[in-house]
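The next block holds one structure in the form of structure tokens; read it before the comments.
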Amino acid sequence: MRICCIGAGYVGGPTMTMIAHKCSDIIVDVVDINADRIASWNSDNLPVFEPNLDGLVKEVRNKNLFFSTDVETAVERADIIFISVNTPTKKYGYGAGRASDLSYVEACARTIAKVSKTGKIVVEKSTMPVRTADVIKTILASTGMKFQVLSNPEFLAEGTAVQDLENPDRVLIGGDEETQEGRDAIDVLASIYERWVSPEKIIKTNLWSSELSKLTANAFLAQRISSINSISALCEATGADVDQVATAVGSDTRIGSKFLKSSIGYGGSCFQKDLLNLIYLCEHFNLPEVAKYWRGVVEINEYQKKRFSDKIVESLFRNICGKRIAIFGFSFKENTNDTRETPAIDICRNLLSENAVLAFYDPQVSAEQICADLQIEKTDSRVEFCKSPYEASENAHAIVLLTHWDEFTKLDYEKIKKAMMSPAWIFDGRNCLNHRLLLELGYLVHAVGKGNLS
Ligand code: NAD
Ligand code: UDX
């Protein structure tokens, strides 16, 4: 059997590496139009930073896993084609700012239609708006050959991709359950996952349930974060401690403890995009009340980021012009180099709009990426890029911790304070530091949902 995956990104690369690893008899071609990305997958410097991924790639690359820019050859040879391209929020025209841009998906379907000599199984791995499979089916049907379109959304989270792929909570496969060919295609895909995932974890549904379940899962996860973040504002006003509230609430097994960590807001390429898309679909299907409900989740996330940067400006006497502020972490979460939709972007932009001087340190994100995200030049006098958190905090008025990198919890904060201006502030946007110790060392500390720490 030969598999082709179109799209060598955060999903396509790790997912296909796991399939190649678990199925040594299957040849897996991962293809992309981005030649730099493919070159990177073929080098020692993978384009995606993911714990434990490098070793897995090395074990199977050029054995049964191949990265290439030759999309057409790989598509033509394959029995099963995964579409794992980006589905970003549309930037122009109808549905701009909310709907998914499906142009990359459509381009894949057209390539498959153009080069295929026989019918194949085509798998939507990308997150798609419900009923996208119709678009793919219509393009493929024009060839006169018989294709089966399946939906197999990916649930991995960045930073834990390898363990999520190795031991998923579930694998979801949607297909045409009404026909024998449809059921057979679902079974063929299921048989690949069954090499390492127990059959009870493989959920088979119709196409539309599968597509909608992915959007809904991300909406529910984001909703939990906005729920606890909304309560963090109330904690700050009342003296309650959001971590204590989250523990007490999450101990109810009906609620559960995961995804209740209050923060500066969720980031990443998925939650915002998928929520906006869900809201757009609700509006499209004339369900304004449902759209409004989910819009609240997005609004609280924006509010949380603004609240945090406002707090920094207020605390530093409403004047941060020319003040050096150390920024600890820029990626949207720990253990990834991904900065898409990172809350750091909005927070840093707000600080830059007050002419603060930001000294960045992130263990995985490059200066070039930070400048691109903030739309500034590397030579801008308001930014500096540092090789260590110690360097970033020298002469700083404040440390602003935006990403929960483990190394930030292990620093010598006594040494850091001596090199900072006085009073020395720490704004812990992830509630991951030992606040009591920091207060003892003489810092002024603000943490999310913690009221006045003193
Ligand atoms: P990505 O941007 O990292 O990768 C997508 C790749 O597709 C890019 O390298 C791009 O060059 C390539 N591409 C686009 N059009 C192409 C074409 N016509 N032919 C060949 N290559 C093409 O995106 P990602 O983060 O891997 O996400 C992919 C999909 O998976 C999205 O729909 C996303 O919502 C979904 N998803 C992402 C995550 C995540 O954690 N990143 C998790 C689950 C699902
Ligand atoms: C998410 C989903 O978890 C995953 O199932 C889906 O396939 C893709 O989208 P990802 O965006 O990679 O994964 O990371 P996730 O761990 O969900 O974190 C998203 C954001 O929420 C991060 O900015 C993270 O810091 C934040 N977060 C997460 C919180 O603020 N609090 C929490 O309790 C959990």
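Heavy atoms only: backbone and side chains are in, while hydrogens, waters and symmetry mates are out.
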- Going through the distances and angles, do V105 and V135 end up as a side-chain contact (heavy atoms from CB on, under 4.5 Å)? CA-CA 9 Å; V105 173; V135 176; over 6 Å; no
- Task: For the pair D338 and K333, evaluate salt bridge (charged side-chain N to carboxylate O under 4.0 Å, His left out) and give the outcome as yes or no after the intermediate values.
- Result: CA-CA 8 Å; D338 196 348; K333 65 184 281 198; over 6 Å; no
- Checking salt bridge (charged side-chain N to carboxylate O under 4.0 Å, His left out) for the pair E236/R307: CA distance, chi angles, key distance, verdict? CA-CA 11 Å; E236 286 170 34; R307 236 165 52 73; 3.0 Å; yes
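With E177 contributing its side chain and N206 its backbone, the two residues share a donor-acceptor pair below 3.5 Å. For R349 (side chain) and Q375 (main-chain N/O), no donor-acceptor pair under 3.5 Å exists by modelled atom type. The main-chain N or O of N45 is found under 3.5 Å from a side-chain atom of S40 such that the two form a donor-acceptor pair. Side-chain atoms of D241 do not come within 3.5 Å of backbone N or O of C235 as any donor-acceptor pair. Formation of a donor-acceptor pair under 3.5 Å by the R170 side chain with backbone atoms of I202 is not found in this model. Although no hydrogens or angles enter the test, the distance criterion places no donor-acceptor pair under 3.5 Å between the side chain of D176 and the main chain of E181. With D428 contributing its side chain and A447 its backbone, the two residues share no donor-acceptor pair below 3.5 Å. Within the 3.5 Å criterion, the main-chain N or O of N152 finds a donor-acceptor partner in the side chain of K125. Side-chain atoms of R224 come within 3.5 Å of backbone atoms of K258 as a donor-acceptor pair (strictly under, hydrogens ignored). Panel note: side chain T409, backbone D406; a donor-acceptor pair is recorded below 3.5 Å.
For the residue pair L402 and C348, the shortest heavy atom distance occurs at CD1-SG, 4.1 Å. Residues R77 and K120 come closest through the heavy atom pair C-NZ, 4.3 Å. When all heavy atoms are compared, the tightest approach of S116 to M145 is O-CE, 3.1 Å. Taking all atoms of both residues into account, the shortest heavy-atom contact from V31 to D70 is CG1-O, 3.8 Å. Heavy atoms only, all atoms of each residue included: A233 and Y303 are closest at CB-OH, 3.6 Å. Taking every heavy atom of both residues into account, I255 and G250 meet most closely at CG2-CA, 4.4 Å.
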Taking distance alone, no hydrogens or angles, what donor-acceptor pairs closer than 3.5 Å link side-chain atoms of residues 13-21 to residues at least two apart or in another chain?
from	atom 1	to	atom 2	distance (Å)
T15	OG1	V11	O	2.5
T17	OG1	G13	O	2.7
H21	NE2	E59	OE1	2.8

Could you list the donor-acceptor pairs under 3.5 angstrom formed between side-chain atoms of residues 48-56 and any protein atom two or more places apart in sequence or on another chain?
from	atom 1	to	atom 2	distance (Å)
E50	OE1	G159	N	3.0
E50	OE1	T160	N	3.3
E50	OE1	A161	N	3.1
E50	OE2	G159	N	2.8

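Ion pairing of K305 with D346 is present here, as a side-chain N (NZ or NE/NH1/NH2) and a carboxylate O approach within less than 4.0 Å. By the 4.0 Å N-to-carboxylate-O rule, R340 lies close enough to E158 to be salt-bridged with it. Using a cut-off of 4.0 Å between Lys/Arg side-chain N and Asp/Glu carboxylate O, K450 and D243 are scored as salt-bridged. Residues K378 and E368 are paired through a salt bridge, judged by an N-O separation under 4.0 Å between the basic side chain and the carboxylate. Ion pairing of R430 with E334 is absent here, as no side-chain N (NZ or NE/NH1/NH2) approaches a carboxylate O to less than 4.0 Å. For the pair R2 and D29, the salt-bridge criterion is met [side-chain N within less than 4.0 Å of a carboxylate O].
Counting only heavy atoms from C-beta outward, the side chains of L172 and K214 never approach each other to under 4.5 Å. Looking at heavy atoms from C-beta onward, I192 lies out of side-chain contact with K22 at the 4.5 angstrom threshold. Residues P129 and L102 meet the side-chain proximity criterion, which asks for heavy atoms closer than 4.5 Å. Residues Q223 and W294 have side chains in contact (heavy-atom distance under 4.5 Å, counting atoms from C-beta outward). Taking 4.5 Å as the limit, some side-chain heavy atom of F308 sits within range of a side-chain heavy atom of I312. Annotation: side chain of I228 is not in contact with side chain of K261 (no heavy-atom distance under 4.5 Å). For the pair R131 and W208, the minimum side-chain heavy-atom distance is below 4.5 Å. Considering only heavy atoms from C-beta on, D32 stays 4.5 Å or farther from V30 through its side chain.
Partners of F155 by ring pair (Phe, Tyr, Trp, His ring centres under 6.0 Å), not counting sequence neighbours: none found.
K90 forms a cation-pi arrangement with Y92, by the criterion of a distance under 6.0 Å to the ring centre and an angle within 45° of the ring axis.
Atom NZ of K292 has 12 or fewer neighbouring heavy atoms from other residues, nucleotides or ligands inside a 6.0 Å radius. Applying the 6.0 Å contact sphere to CD of Q180 captures more than 12 heavy atoms from other residues, nucleotides or ligands.
Atoms OG and CD, on S226 and E302 in that order, are 9.5 Å from each other to the nearest 0.5 Å. Taken from CG in L215 to CZ in F220, the straight-line distance is 12.0 Å, to the nearest 0.5 Å. Rounded to the nearest 0.5 angstrom, I6 CD1 and I112 CD1 are separated by 4.5 Å. For the atom pair CG (L433) and NZ (K410), the distance works out to 12.5 Å, reported to the nearest 0.5 Å. Atom CG of L207 and atom CD1 of I136 lie 9.5 Å apart (nearest 0.5 Å). For the atom pair CD1 of I26 and CE of M1, the computed distance is 5.0 Å after rounding to the nearest 0.5 Å.
In this model, a donor atom of one side chain and an acceptor atom of the other lie less than 3.5 Å apart for Y10 and N337. Between the side chains of S232 and Q304, at least one donor N or O lies within less than 3.5 Å of an accepting N or O.
In this pair, F427 and H446 present their aromatic rings tilted. The plane angle is within the 30 to 60° band.
Among the candidates N218, D101, T87, T127, the single residue satisfying the side-chain hydrogen bond (donor to acceptor under 3.5 Å, both in side chains) test with K273 is T87. For the side-chain contact (heavy atoms from CB on, under 4.5 Å) criterion with Y361, the lone passing option out of F408, W405, F385, F330 is F408.
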